[in-house]
Every structure is written in structure tokens, then in C-alpha cells.
S.K.: 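Pasting a structure below so you can have a look.
A, B, ... follow the sequence lines: proteins, then strands. Residue 1 opens every chain.
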Amino acid sequence: MLDPRLFRSELESVQQQLKRRGVEFDTDSYLALESRRKDIQVRTQDLQNERNTRSKAIGQAKAKGEDIQPLLDQVQDLGDQLKAAENELGEIQEQLNVIMEGVPNILDESVPAGKSDADNIEISRWGELPQFGFVPKDHVDLGEPLGMNFELGAKIASARFVVLTGKLATLQRAIIQLMLDTHVNEHGYQEAYVPFMANADSLRGTGQLPKFEADLFTVKNDPAFYLIPTAEVPVTNIVRDVIVDAKQMPLKYVCHSPCFRSEAGAYGSDVRGMIRQHQFEKVELVQIVTPEQSAQAHEELTAHAEAILKKLNLPYRKVLLCAGDTGFSSAKTYDLEVWLPGQQKYREISSCSNFKDFQARRLQARWRNPETGKPELVHTLNGSGLAAGRTLIAVMENYQNEDGSITVPEALRSYLGGIEKIV
RNA sequence: GGAGAGAUGGCCGAGAGGCCGAAGGCGCUCCCCUGCUAAGGGAGUAUGUGCCAAAAGCGCAUCGAGGGUUCGAAUCCCUCUCUCUCCGCCA
């Protein structure tokens, strides 16, 4: 959510900013609603003030033993007026809230113009594309003989689920372990274990609700739970309604979790293989920082995700998302795309975003600025470090041999009992 | 699942219809005193929000959440959530 004061004082500039995303903000209906809000709020508070003053007078008169009946007569219809005003105010504020919650974050200045992923800007490339003396297979063909089974996933649950058995399952676990160990031991993150279901308040805090409910799986319960689409949700909500001690900043959490996504809008895309699943494993990096730290923290966090790709010697490129492709809550996002020889394409394996104070405002996540002594909104950031399922795919495809075996990357061998090949 | 107790500011804790945005303590900040240290004295110290360009100022709201009773609710009533204790069940 953006600062409501920004709308009141710099409406035109906000409208211009939103245009960069291709969002047309209807200032007329906003202004009409806002001026009603002002009128009614002032009237409501005046009435409340009057009630408070008169009630106090009644109390004092009673204490002196005076007759309070005349005073009671004076306030007779005040209650009804007040209730009507309060109700009207509540309705208007609700309407304003719906509008405000539907407005995406203001983009960082450095975000390039553009409409779709075709306009994203490649920042850098790393690693050498592997050369094969044969036609490389994709992970589906490679995986089948090794224990990757989509039919079983469909039988047990539905399409877009997979069963991994044997060394492939272990390989994925090893990948997760390598990521966690690296981020904890080398990058200074604190490991977190969190609920994999979250309530509506938490989803609202990180921006998935109310706008993106269709992307979530709901668990029947009263009130409903949602399966987390990313560990970002529970981890970032650690600081919801919290004033963080300045000494503890920045807070850096790393969390492995399964992620559940309905992929409602993705019919027909990436139906083959493990690229786009309803359930996948991810190691997520979350940072809670002060506003002045966030730009640098964003670069660092992205580098932390890159470090995993480097350890695994997987070729990748770093992309700065353009205005049209940057997510709703994000001010600026880097994607890391790993090379998949089976597709002859770079595919997203990590998305690292700086949300600035957008999530923090919804979350009421604050820190106490020692300079002002006042609580101020924190900045939140997160990024995949990395998506484990896609990392598994990337390892399989980049490390494949002509006989269909997979060479285990050096960095993972200690996690796999020293074996060098999966056959 | 059953029985009981509870939820008040950064923390502890008083408060039982009006004098309560809330005593007292701890912590923290500033000042004074003391040659160090320890101790002592004084002042300050919730959050959100409206009017306002902003500050100042003046309001409004908030005592787990939501409803209700009342001229007036931290306080009375109802519903819910969470925490703790005991019993049962359980990885």
C-alpha cells in the first residue's frame, strides 16, 4: 500500500508514476471520495468531541449532587447522529481502502520503461554454456529413468505435481542443504522454520491479498487458511505489527519451504516437466532493513542468490525487470535466469525484489529511528536463493552425460555421500 | 476434546462505570551531583490518525479483536482469538 498522504499531496505525480506500469489511476472518483471522507470525518469527530465534553459535564454535575436531567435531555439525539456519521465514515473509508489496496508500488527510478519481459534489460551474464558432443535432453527425458515421475504426481494429486524417488529426491535435498548452509554460514542469514499455511492478515500484509487470491490454494477452515505461495509470506510477517530495535537491523532470514501455487492463469504454459508446478521447494531470502540500507541490500541479496549458481557452476544471466514486468508490490526486481540446455533457453530461477515500504505499510512493520526517536516504516526485500525444483532441473540438464547419467556438481558431493554420478 | 485462569504502554503491574491515555516500578533519554566505580536527585518517555504545505496547536481513536448496554466503558454483557495450568488423546 502506498502512503495515503502521497495521494492527498502529490496526486498528479503518483498518477504519472503509475502510468509507467500502464496503470491508469482514476483521480476524479478518488478526489470525490476523498473530499467526502474529509467532510464526514471532520463532522464525526466534532460530534465525538461534543459527546465527550457533555458526558464529562454530566459526570461533574453528578459528583456535585446537581440535577443532571436537563443535561441528559440535551444529549438525547446526539447518539443517533453520531452513529449515523460513524457508519457513513466507515463505509467511505472502506471504499477508499479498496482503491488504495489495489494500487501497485511506485517503481524505483532505475527501472527501465517497457511493457513485457521482452523489454527487460540484461545486466550481466556469468558462466560458459556447456558444450555437448550429443543432443542434450531435457530434464523430463533425463529424469524418467532416474526417478522423476509425473504420472504418479497426477495419480496422487493432479497435473502439475511430481514424485521424485531415489537419488533425484536426495539431490534436491542436497541442493536445499547447500543453499541453507551457504546463506547461514557465508552470508549472515538466520535460518527460519515457519508455518506453511497462513491466515488472510498475513497474505494481505505481503500483498497477495486481496488482489491475487486466485493464485492461492485455500484450506477449508473458519477463518480460511492459505497454503503459502512462497516463504516470503510467513517470514516477512514475522515483523508484522512490530517495532524492530534499531540495533537488530538489518534482519536477515533464510527459509526453506514448499510453495503452493494454483497457477490459475497459466493454463497451457510450461505444462511439460517440473518448471511450473503446484508444489515446489524453494529457499527464500528475506531482509528487513532501514530505508537508507535497502538499495544496497537489494544488490547484496541478489549477489547472495548468484553465489549459489556460481557454486554449482550453472551459467546464468541477471536481468532488470522493466516497468511492465515488475510485480505489484515491488519497486525494483532483478531476475536471475539459469541456462537450460534442454530448452536452449535462460529460465527464471530467482526473483529478487526491493519492496521499499510498500509491504511494511500494510504490515505496520517499523523500526525506531534513533535520530528521530520515532517509529518509521522498514524496507522489506526478498529473493529466491534459489528455487530448488528449478535448480534440480538446471543441474540435471547442465551436468548430463551422453549415457543419461548426471554428474554430481563438486559442491554437492559431500551432501550425497561423496558419489560423483547419478545413474 | 474436557475443566479452570488470564490478555492493560518497550517490559512488569495497579485500575472494578465519570476525577483514566491510564498509578507505581523497571528500562531508556537528557540534566545535576559525585575525582573512577557504585549510589543519589530532577525532567522526559505509547501508537495511529484528522484539521494543516509543514511546525505549533487543538481534536479523534486505541487497555487482545468485534459487537452490545449507557449521557459516559480498560471497568458491565455477548461472540471470537490467543496465552497459561490440569486432564484426555497424539508424532
S.K.: Pairs under 3.5 angstrom only: tabulate donor-acceptor contacts from the side chains of residues 80-101 of chain A to other protein residues two or more places apart or in another chain.
M.R.:
| unit_1 | atom_1 | unit_2 | atom_2 | d |
| --- | --- | --- | --- | --- |
| A:Glu86 | OE2 | A:Gln48 | NE2 | 3.0 |
| A:Asn87 | ND2 | A:Lys83 | O | 3.4 |

S.K.: Using a cut-off of under 3.5 Å, enumerate the N/O to N/O pairs linking the protein to nucleotides 58-64 of chain B.
M.R.:
| unit_1 | atom_1 | unit_2 | atom_2 | d |
| --- | --- | --- | --- | --- |
| B:rG59 | O3' | A:Asn49 | OD1 | 3.4 |
| B:rG59 | N2 | A:Gln45 | OE1 | 2.8 |
| B:rG59 | N2 | A:Gln45 | NE2 | 3.2 |
| B:rC60 | OP1 | A:Asn49 | OD1 | 3.0 |
| B:rC60 | OP1 | A:Asn52 | ND2 | 3.2 |
| B:rC60 | O3' | A:Gln48 | OE1 | 3.2 |
| B:rC60 | O2' | A:Gln48 | OE1 | 2.6 |
| B:rA61 | OP1 | A:Arg51 | NH2 | 2.7 |
| B:rA61 | OP2 | A:Asn52 | ND2 | 3.2 |

S.K.: Of A:Gln60 and A:Arg37, whose nearest nucleotide on RNA chain B comes first from the 5' end?
M.R.: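 Nearest-nucleotide comparison on RNA chain B picks A:Gln60.
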S.K.: Counting only side-chain N and O atoms of A:Arg368, is one of them less than 4.0 Å from OP1 or OP2 of B:rU47?
M.R.: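 Yes, because at least one side-chain N or O of A:Arg368 sits under 4.0 Å from OP1 or OP2 of B:rU47.
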S.K.: Please tell me which of A:Gln364 and A:Leu72 maps to the more 5' nucleotide of RNA chain B, matching each residue to the nucleotide holding its nearest heavy atom.
M.R.: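 Going by which nucleotide is closer to the 5' end, it is A:Gln364.
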S.K.: Show me the dot-bracket string of RNA chain B, counting Watson-Crick or G-U pairs under 3.5 Å, with | for pairs to another strand and [ ] for crossing ones.
M.R.: ((((((((.[[[..)..(.....]]]((((((.......))))))((((((.....)))))).[[[[[..)....]]]]])))))))....
S.K.: Which of these nucleotides, B:rU47, B:rG50, B:rG18, is closest to any side-chain atom of A:Arg8?
M.R.: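 Nearest to the side chain of A:Arg8 among the choices is B:rG50.
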S.K.: Give me the distances for all protein-to-nucleotides 74-80 of chain B N/O pairs that come in under 3.5 Å?
M.R.:
none

S.K.: Just to verify, which of A:Pro291, A:Pro250, A:Pro375 counts as forming a side-chain contact (heavy atoms from CB on, under 4.5 Å) with A:Trp367?
M.R.: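 Only one option passes, and that is A:Pro291.
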S.K.: Please evaluate the base of B:rG18 for a donor-acceptor partner in the side chain of A:Lys56 within a cut-off of under 3.5 Å?
M.R.: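 Side chain to base: no pair present.
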S.K.: Under the ring-ring contact (aromatic ring centres under 6.0 Å, His included) definition, can you give me all pairs with a residue in residues 17-53 of chain A, not counting sequence neighbours?
M.R.: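 Listed by first then second residue: A:Phe7-A:Phe25, A:Phe7-A:Tyr30, A:Phe25-A:Tyr30.
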S.K.: If you measure from the C1' atom in B:rG17 to the same atom in B:rU75, how many Å do you get, rounded?
M.R.: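 These two C1' atoms come out 7 Å apart once rounded.
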S.K.: Who pairs with A:Thr230 by side-chain hydrogen bond (donor to acceptor under 3.5 Å, both in side chains), at least two apart in sequence or on another chain?
M.R.: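 Once residues adjacent in sequence are excluded, the partners of A:Thr230 under the side-chain hydrogen bond (donor to acceptor under 3.5 Å, both in side chains) criterion are A:Lys282.
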S.K.: What about the rings of A:Phe328 and A:Phe358, do their centers lie closer together than 6.0 Å?
M.R.: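 So the answer is yes for these two rings.
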S.K.: Check every strand shown and say whether A:Lys38 touches a base, only sugar-phosphate, or nothing at a heavy-atom separation below 4.0 Å.
M.R.: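 The answer is sugar-phosphate, as A:Lys38 gets under 4.0 Å only of primed atoms, P, OP1 or OP2.
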S.K.: Over 60° means perpendicular and under 30° means parallel, so classify the ring planes of A:His298 and A:Tyr334, tilted if in between.
M.R.: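 Ring orientation of A:Tyr334 relative to A:His298: parallel.
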S.K.: If the P atom of B:rA74 is compared with that of B:rU69, how far apart are they to the nearest Å?
M.R.: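 My reading of the P atoms in B:rA74 and B:rU69 gives 16 Å.
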S.K.: Over 60° means perpendicular and under 30° means parallel, so classify the ring planes of A:His187 and A:His183, tilted if in between.
M.R.: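 Geometry flag for A:His187 against A:His183: tilted rings.
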S.K.: Using the C1' atoms only, state how far B:rU70 lies from B:rC78, rounded to an integer number of Å.
M.R.: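 These two C1' atoms come out 16 Å apart once rounded.
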S.K.: Counting heavy atoms from C-beta on, name the nucleotide in B:rC51, B:rG48, B:rC71 closest to the side chain of A:Val42.
M.R.: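 From the listed options, B:rC51 comes nearest.
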S.K.: May I have the step-by-step check of side-chain hydrogen bond (donor to acceptor under 3.5 Å, both in side chains) for A:Tyr226 and A:Asn199, ending in yes or no?
M.R.: CA-CA 6 Å; A:Tyr226 298 86; A:Asn199 58 33; over 6 Å; no
